[in-house]
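Working notes, structure below.
First the proteins, then the strands, lettered A, B, ... as listed; each starts at 1. Computed from a prediction, not measured in an experiment: that's the story for all the values here.
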Amino acid sequence: MMRFKNNDKSSAKAVLDVRHLSVRLSGEEGPDGLVLDDISLQVHEGETVSLVGESGSGKSVTSLAVMGLLPKGALEVSGGEIEMDGESLLTLTPSQMRRLRGQRMAMIFQEPMTALNPVMRVGDQIAEVLQTHRELSRRDCRDRVLDVMQQVYLPDVARIYGSYPHQLSGGQRQRIMIAMALALEPKLLIADEPTTALDVTTQAQILSLIAELQERHGTAVLFITHDMGVVAEVSHAVHVMKHGKIVEQAPVETLFRHPSDEYTKRLLRSVPSLVPRDARSQESTEPVLEVSDMQKVYSGGGMFFRKPGTHAARDISFTVKRGQTLGIVGESGSGKTTVARSIMRLVDPTSGTIRVAGKEIATLSRRALRPHRKHFQVVFQDPFRSLNPRWTVGRSLIEGPVNFGTPHQEAYERALEMMELVDLPLDALKRYPHQFSGGQRQRIAIARAVMMRPDLLVADEAVSALDVSVQAQVLDLLDEVQERLGIAILFITHDLRVAAQICDEVIVMQHGAIVEYGSAREVLSRPRHDYTRLLIDAAPGREWDFANCCELLTA
Amino acid sequence: MAHTTQPSAAMQSVLGMLSLPRQWRLGAGPLIAAVVLFLIVLSALLAPLYVPYDPMQMGSLNRLQPASAEHLLGTDQYGRDLFSRVMTGGRVSLMIGVGAALFSVVVGMIIGLVSGFFRTADAVIMRIMDSLMAIPAILLAIALVALSGPSVWSVIVAITIPEVPRVVRLVRSVVLGAREEPYVEAAIALGSSMPKILWQHLMPNTVPAMIVQGTYICASAILTEAILSFLGAGVSTDIPTWGNIMAEGRTYFQVKPGLIFWTGAILSLCILSINLLGDTARDMLDPRLKKREA
Amino acid sequence: MLGYIIRRLLAVIPVMVIVALFVFLILRLTPGDPAAILAGDSATPAQLERIRDRLGLNLPIYEQFIQWVKMMLQGDLGVSLISNTSVSTMIGQRIWPTLNIAMLTITISILIAVPMGVLAAWRHRSWIDYAVMSFSVLGFSVPVFVIGYIFIQIFAIELRWLPVQGYTAPTQDFIGFLQRAILPSFTLATIYVALIARMTRASMLDVLGEDYVRTARAKGLREGTILFRHALRNAAVPIMTIIGTGFALLIAGVVVTESVFNIPGVGRLTVDAILARDYPVIQAMILLTAGLYVLVNLLIDISYTIIDPRIRY
């Protein structure tokens with residue numbers, strides 16, 4: 001049963017009141033320079049209001065405008081009103097605004113690793129907030145810091161006080177950020193994608209921590225995210241943004257049950273369902289990829305004494321058949337990417353065998369491997385770095401076939417066919433990667449891999465960097481490519497929803513080892529291993545069927 | 001078909017590079033620098049056609065003359081016309097600058113590419129480069145010139161050798177950064193050979209850095225020539241160079257400071273223009289900077 | 001930490017060996033008879049023989065190298081071909097003026113350049129930024145001796161505030177030392193300031209765009225705290241690096257400046273040795289400065305671990 005936050009907070013006192021706010025690029029008049037257009041929203045005491053939208057929708061700019069942190073000389077407020085507790089923020093002097101920040105309004109950011117100063121002890125970074133805004137003795141200050149660190153459930157606070165950010169885990173770092181933000185009990189907390197960079201189990205902990213602290217202090221929270229699952233879990237009210245405008249706003253349950261705007265509906269339809277797809281018909285039993293007992297150990301280094309190595313992957317065995325998709329899911333550090341890179345021979349496995357299309361490749365020398373490379377191809381995560389920026393798309397596409405002796409002309413004709421397959425205009429071949437969007441580049445990367453007519457395609461987090469609507473399109477494309485060409489796909493992802501959508505079989509990895517391996521339906525619906533269950537339970541909004549606007553029946 | 005009219009691979013990478021920065025805006029500074037540099041180079045190249053006197057012609061009667069209508073900048077201690085000497089002197093100085101820049105970039109690029117891509121060669125090459133870096137450039141150049149004689153070529157070589165390690169390091173760091181890029185890994189997966197990857201994917205990445213570095217080396221080589229001559233370890237004093245003219249002006253500094261100041265002024269103006277153009281090139285070509293502006 | 005220092009010290013050995021080999025080979029691999037090169041065109045056969053004998057040029061080349069390395073390891077830098085005194089004595093007599101002026105220069109440079117760079121980055125694209133950048137480009141573009149003569153012309157000849165040339169030891173007369181050292185130090189400092197200010201600005205610009213600076217602003221910290229406590233410390237590693245590599249420029253500058261200001265330091269010793277082709281002195285100076293450069297950069301590398309806790313070896 002999905003529990004929405006239905007207790008209405010709109011009768012409570014408004015902490016933040018944004019009215020008809022517009023922001024534009026400095027020095028650019030006219031409608032083109034408009035970044036935010038007529039944004040209005042209210043956040044009340046104890047209420048969480050979500051701003052949801054895809055990249056470039058202006059949700060982060062909104063939060064920076066409220067904090068008075070718009071980059072000087074680049075963006076400026078050009079109209080509207082921002083009020084906090086009835087006081088207008090836009091008329092304050094910079095130093096008045098500075099005193100407000102950290103004290104009455106605070107912010108936590110997406111990437112706690114980069115948001116914390118790497119060369120300063122985390123305790124001192126929290127203490128700074130107190131020292132700046134309050135007159136406190138050294139001793140009182142330290143006690144107060146240790147106290148807030150305990151409130152965010154950091155273990156062994158005395159030790160962590162003196163640690164540097166790189167010595168902490170991602171979850172601990174985000175707890176430090178939260179402690180820093182809440183040290184002076186601000187009335188307004190802005191959380192800008194606070195869990196996007198975290199693993200799903202950590203995300204669940206951080207979300208419940210924010211909820212608990214909000215409950216205790218009655219903080220108003222403006223929550224910025226792209227993830228509909230998170231929205232469903234945390235919000236009282238939701239604003240959907242697109243191209244700098246709010247296209248729809250509603251209480252949370254209303255929005256998910258009866259979305260009215262077309263764009264909102266499209267966003268919701270794009271959220272992949274957690275219900276596993278039906279397995280593809282098993283016509284072929286021909287294995288394309290057979291991995292057995294593969295290990296990858298990174299040696300520990302050390303000049304005089306050999307330090308023990310780390311097992312990035314151990315005892316990995318699995319098979320992928322023609323026309324089938326095998327997903328490997330796991331959190332960061334689980335070894336899933338190491339497995340993918342070993343199979344591609346971008347790293348050399350320490351032991352074990354890898355057979356691709358019947359040929360053992362784990363021990364081949366790089367030179368001997370080269371003629372065999374056409375059988376397996378790869379698509380990477382980052383669409384902005386996976387194409388050579390100095391090459392035309394056409395040149396990138398024909399690189400592989402030309403390496404294997406296909407005449408230039410023939411390769412180019414095949415590239416033209418590919419453009420049709422991935423639904424891009426033919427003249428795309430003559431253009432450069434920077435002229436395409438992330439989703440289009442990912443299609444080009446897929447086209448480049450498919451140009452080789454491979455037997456196996458390894459997709460390493462291939463849709464993770466994409467917005468949800470684009471993600472859906474790319475997943476459909478992979479489906480179609482598989483249908484037409486009957487290739488086998490090894491799909492690496494951290495996202496259970498994506499895995500449920502595309503995989504026939506699923507492997508769950510933890511600490512470099514396989515903990516569960518079976519059909520997607522078995523693993524995701526009736527998990528046997530505790531860790532798998534933990535992962536599924538942590539998936540936000542797992543009881544809700546976003547595409548159909550109702551409770552998920554099988555949950 | 002379309003691809004038959006496609007430009008060659010090398011041409012494509014140049015075009016690809018040029019198509020990247022779309023909003024090149026040249027301010028007044030770089031424009032003035034370009035004009036000044038063009039005028040200096042042109043007047044040095046054409047010096048023999050217009051200078052009023054033979055730069056070597058001595059005259060015992062008019063030593064250390066002040067500026068006059070006859071001698072625009074006056075004369076030196078041998079009665080030679082300073083204006084004619086400064087204008088002619090630019091030719092050798094500029095040649096040394098350009099020569100040293102070209103040599104350093106070409107040699108450094110080859111060594112750097114090898115070092116960046118082949119781990120076995122890397123350790124040895126980098127130790128040698130570290131050692132060369134440890135020897136102060138000016139002392140190394142002085143020693144080389146002192147031993148191999150004061151010809152233009154030995155000065156160019158003497159300036160080039162200490163510059164090479166810096167170029168090598170730069171190329172190597174660009175290559176090391178680029179080889180981790182997914183598009184290079186994709187090329188490996190596509191079965192491209194190592195030399196092909198090195199030349200077609202990695203080498204073009206170093207070109208912007210090399211253009212920038214080349215201009216800086218050119219400027220610093222002209223400076224180094226001046227310093228070498230000043231210390232008496234430069235091109236033979238028979239040949240007028242900016243450095244030689246100033247070196248000879250040392251003794252008579254209190255009598256006629258113009259020998260050093262006029263020559264120094266035109267040399268500094270020249271180097272200033274080159275450096276400004278180098279900075280402009282860096283701002284336009286450095287992707288890191290572009291990212292920040294974006 | 002200790003292990004790291006030991007490893008870095010060990011890594012110095014191959015570098016210095018290659019430097020030594022290089023210095024050794026420059027003379028021997030030059031086309032022609034080294035003795036003739038050193039003696040000049042008008043040398044008598046007796047003079048040539050004396051030079052060969054002095055440098056051991058009659059021995060096979062590998063024996064020469066072994067002999068030479070043995071000498072160097074014992075701290076024997078050889079004997080000058082011109083004055084017949086030991087090179088170590090000559091250097092010992094002339095090192096102090098050079099060191100004193102170099103220290104003064106480094107202090108002045110860092111004190112001026114770092115605030116300049118920080119200010120320029122903080123006020124990116126303001127007139128301060130343009131002024132700092134213009135100064136730094138100019139500093140790179142004027143030969144160091146021209147700067148020296150400009151200073152002499154203005155402050156010594158026109159204004160008569162300071163003496164034209166010369167040197168007084170600080171132990172004898174500290175005021176006199178300052179009076180005479182101030183022009184050479186500022187002359188030397190010009191290019192060093194240009195270099196450090198430029199790097200400080202670039203490094204600060206990078207850091208000011210980082211997320212943690214935005215966090216610091218979100219915490220409501222004062223600009224001064226953000227600039228110096230948060231940003232500068234993160235920007236410090238490249239700045240330290242450039243101070244280290246710029247040390248080579250300083251050495252070059254010393255050689256020139258001492259000639260301009262007539263200071264009896266090792267810089268002028270080197271120039272005189274070059275003009276006289278006194279090879280043992282040239283060779284000793286190259287070895288010495290290379291060793292100093294390596295040492296300075298080693299110290300800087302080690303100091304990184306204090307600035308940045310992420311750097312652990």
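- How far CZ of R268(C) is from CG of L231(B): 12.0 Å, rounded to the nearest 0.5 Å.
- Ring geometry, F145(C) versus F230(B): the interplanar angle falls under 30°, so the pair is classed parallel (tilted spans 30 to 60°).
- Of the two parts of L132(B), only the side chain, counted from C-beta on, holds a non-hydrogen atom closer than 4.5 Å to a non-hydrogen atom of chain C.
- The CD1 atom of I271(B) sits 6.5 Å away from the OG atom of S141(C) when rounded to the nearest 0.5 Å.
- Of all the heavy atoms in P136(B) and A290(C), the pair that sits closest is CD-N, 4.3 Å.
- Contact between Y293(C) and M133(B) at its shortest, heavy atoms only, is CE2-O, 3.7 Å.
- The shortest distance between side-chain heavy atoms of M16(C) and S131(B) does not fall below 4.5 Å.
- The CD1 atom of I251(C) sits 11.0 Å away from the CD1 atom of I135(B) when rounded to the nearest 0.5 Å.
- The line from CZ of R127(B) to CD1 of I13(C) is 13.0 Å long, rounded to the nearest 0.5 Å.
- Considering CG of L139(B) and OG1 of T270(C), their distance stands at 6.0 Å, rounded to 0.5 Å.
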Trace of the side chain to side chain contact (heavy atoms under 4.5 Å, CB included) decision for V137(C) with D279(B): CA-CA 9 Å; V137(C) 182; D279(B) 283 356; 3.7 Å; yes
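- For V271(C), the part lying under 4.5 angstrom from a heavy atom of chain B is the side chain only.
- Comparing D130(B), L144(B), I142(B) by heavy-atom pairs within less than 4.5 Å of chain C, the highest count is held by I142(B).
- Heavy atoms only, all atoms of each residue included: V146(C) and M246(B) are closest at CG2-SD, 3.8 Å.
- Taking 4.5 Å as the heavy-atom cut-off, the residues of residues 213-223 of chain B that approach chain C are Y216(B), L223(B), ordered by number.
- Atom OG1 of T245(C) and atom CZ of R166(B) lie 8.0 Å apart (nearest 0.5 Å).
- Looking at F22(C), only its side chain comes within 4.5 Å of chain B, counting heavy atoms on both sides.
- W262(B) CH2: 12 or fewer foreign heavy atoms inside a 6.0 Å radius.
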